[in-house]
Amino acid sequence: MDALAPACTRTEAYAWLIAAVGTGHAAGTALAGVLSTGPSGAALPAAGAVACLGVLLGARHRFAAPGKPRPRGRHRRAPAHAAHR
């Protein structure tokens, strides 16, 4: 969130992230409970993996735009050659 959200909206961005993760966990748990009771229980992990892959492939253009350098955040390490100065 530090690298993606403007400085004045970081608290709100983190709040939305936490709310989205909590909602996703609740919905996923409820759906897994419903789907695992029938004959489709074995396909549930595969369906989850396919859904995650689809989301990641669909969002990859937002995280690595070609020809545009990524903004450096506080969590990124300096290049190895810069550390020996």
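For the single chain, residues carry numbers from 1 onward in sequence order.
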According to a 4.5 Å side-chain heavy-atom criterion applied to Ile, Leu, Val, Met, Phe, Trp and Tyr, with indirect links allowed, do Tyr14 and Val21 form part of one hydrophobic cluster? yes

Side chain to side chain contact (heavy atoms under 4.5 Å, CB included) with Ala5: which residues, sequence neighbours excluded? Thr9, Arg10, Ala13

Apart from Ile18 itself, its cluster of hydrophobic side chains linked below 4.5 Å comprises none

Under the side-chain hydrogen bond (donor to acceptor under 3.5 Å, both in side chains) definition, can you give me all pairs with a residue in residues 20-29, not counting sequence neighbours? none

